Amino acid sequence: MQAEYRQRRSQLMEKIGNGTAIFRSAPQAVMHNDVEYNYRQDSSFFYLTGFNEPEAVAVLSPHHEEHKYVLFVRPKDPEREVWSGYRVGVEGAKELYGADEAYSIAELDEKLPQYLQNADKIYYHLGRDRAFNETVLKHWQQLMAIYPKRGIGPTAIQDSGTIINPLRMVKSPAELDLMRQAAAISVAAHNHALEFARPGRYEYEIQAEMEYIFRQHGALGPAYPSIIASGANSCILHYVENNRQLQENDLLLIDAGCTCEYYNADITRTFPVNGKFTPEQKTIYEIVLAAQEAALSHIQPGNPYGKIHETAVRVIVEGLMAIGLLAGDIEEIIKEEKYKPFYMHRTGHWLGLDVHDVGVYQYGENPYNLQPGNVFTVEPGIYIGPLTKPVEGQPEIDDRWRGIGIRIEDDVLVTPDGCEILTQGVPKSIPDMER
Ligand code: GLY
Ligand code: MN
Ligand code: MN
């Protein structure tokens with residue numbers, strides 16, 4: 001794997017030219033008082049380094065004669081390591097992680113300037129670590145103060161996302177292995193949930209069964225808080241209480257996926273807990289499934305990303321018009337987003353080290369055209385909640401539709417000649433969702 005990280009760094013360094021890029025590790029998150037969450041590294045930092053400790057800084061300075069890759073890390077400290085685990089340390093950063101030079105993080109202020117002073121630009125993402133943002137700005141300011149005397153130094157800061165995000169948007173074979181692994185484990189958990197759910201069970205029991213499968217197969221855990229939403233809870237997009245008992249005639253919407261070495265899966269299925277859709281549930285399900293299938297059929301290299309959402313919206317609007325939940329001119333309904341009370345989110349997002357992964361979706365008015373190696377979700381839905389209100393001038397909602405929330409979400413890889421649905425192992429046809 002070290003060769004893979006080295007390869008990523010050299011790809012990035014080609015883009016940096018005479019600049020210097022600085023990447024900051026994620027902070028250690030606190031659960032409460034002095035109890036900490038499991039550590040979760042910053043995704044871009046991890047992408048470039050594979051280094052999984054807090055209080056670290058990676059510097060890439062391709063123009064530096066000897067030290068093109070420098071790591072600042074926590075020094076080894078046997079006493080502290082007894083409490084909070086092994087540290088790679090300064091020597092380890094060089095020997096195990098391939099840094100040309102490494103220092104204790106305590107030396108950052110003293111050592112960083114030598115990597116910035118001859119750069120023409122600093123690449124850095126202003127993140128949530130305000131204190132570290134200040135540190136970077138302070139060094140930049142100090143170098144600008146002596147710029148008139150030297151006539152060399154960084155005259156600009158550019159967001160590092162502009163150079164690293166395009167790399168992260170195209171997954172390598174090693175990344176795809178991990179994404180396939182996360183997808184396969186998540187598929188197994190969903191298939192088990194389909195069998196396990198029935199009236200009388202509680203949402204949390206289904207959550208427990210699924211998360212057991214995640215961990216049992218070596219995943220780190222859920223990629224995001226599992227959504228196990230029965231009945232009208234299915235209309236709450238980020239429902240996470242998961243404490244209701246499933247009733248006869250309920251739909252169950254499950255949005256859950258696991259994370260494998262930080263790579264994520266994100267799957268949603270919706271099905272009737274007693275094995276039989278009501279006519280209204282079936283009608284809405286058919287529309288959402290048709291919207292997803294239409295969107296999926298559009299995916300191949302060169303096609304604009306935005307067309308996927310447009311396609312799904314059109315099928316949803318046509319479907320809602322056919323059953324009298326929307327009325328009027330279809331083009332106007334789409335243009336003025338009159339469908340939004342029923343479909344308020346986008347049809348997907350990039351997927352990778354982050355569940356909502358980095359990357360642009362369009363360039364101003366110009367589209368982002370799909371490339372082999374892009375991975376994203378396709379997740380249309382229709383939600384008719386107890387309180388859903390049509391926009392003015394649109395039909396009233398008959399009570400028989402209320403409480404129906406349906407989403408179908410798969411993870412898709414763009415391949416050279418089309419696409420591969422990484423999560424197709426979970427069924428979604430109507431006969432498969434019934435029993
Ligand atoms: N589960 C989060 C999402 O679907 O985007
Ligand atoms: Mn999801
Ligand atoms: Mn999603």
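When a ligand or atom number is given, it counts from 1 through the structure's own listing order. Remember, predicted model here, so these are calculated numbers, not experimental data.
Relative to the ring axis of F45, R24 does not place its NZ or CZ within 45° and under 6.0 Å from the centre. Annotation: cation-pi geometry satisfied between R201 and F196 (NZ/CZ under 6.0 angstrom from ring centroid, within 45° of ring axis).
To the nearest 0.5 angstrom, I254 atom CD1 is 10.0 Å from S230 atom OG.
Using 4.0 Å as the threshold, D266 has a heavy atom nearer than that to some atom of ligand 1.
Between the side chains of N243 and Y204, no donor N or O sits under 3.5 Å from an acceptor N or O.
One finds no salt bridge joining R269 and D432 here, because no Lys/Arg side-chain nitrogen approaches an Asp/Glu carboxylate oxygen to under 4.0 Å. Using a cut-off of 4.0 Å between Lys/Arg side-chain N and Asp/Glu carboxylate O, K338 and E332 are scored as salt-bridged.
If you put the vertex on the Mn ion (ligand 3), NE2 of H349 and OE2 of E379 sit 80° apart, to the nearest 10°.
Looking at D255 next to ligand 1, an N or O pair under 3.5 Å apart turns up. Below 3.5 Å of separation, one finds no N or O of R407 facing any N or O of ligand 1.
Residue contacts to the Mn ion (ligand 3): D266 brings an N, O or S atom closer than 2.8 Å.
Within the listing of ligand 1, atoms 3 (C), 4 (O), 5 (O) sit less than 4.0 angstrom from a heavy atom of H349. Counting the atoms of ligand 1 from 1 in the order shown, those under 4.0 Å from a heavy atom of E409 are 4 (O). Proximity to H356 (heavy-atom distance under 4.0 Å) selects the following atoms of ligand 1: 2 (C), 3 (C), 5 (O).
Judged by distance alone, the side chain of E55 and the main-chain N or O of V73 form no donor-acceptor pair under 3.5 Å.
Closest approach between the Mn ion (ligand 2) and any N/O/S atom of E409 involves OE1.
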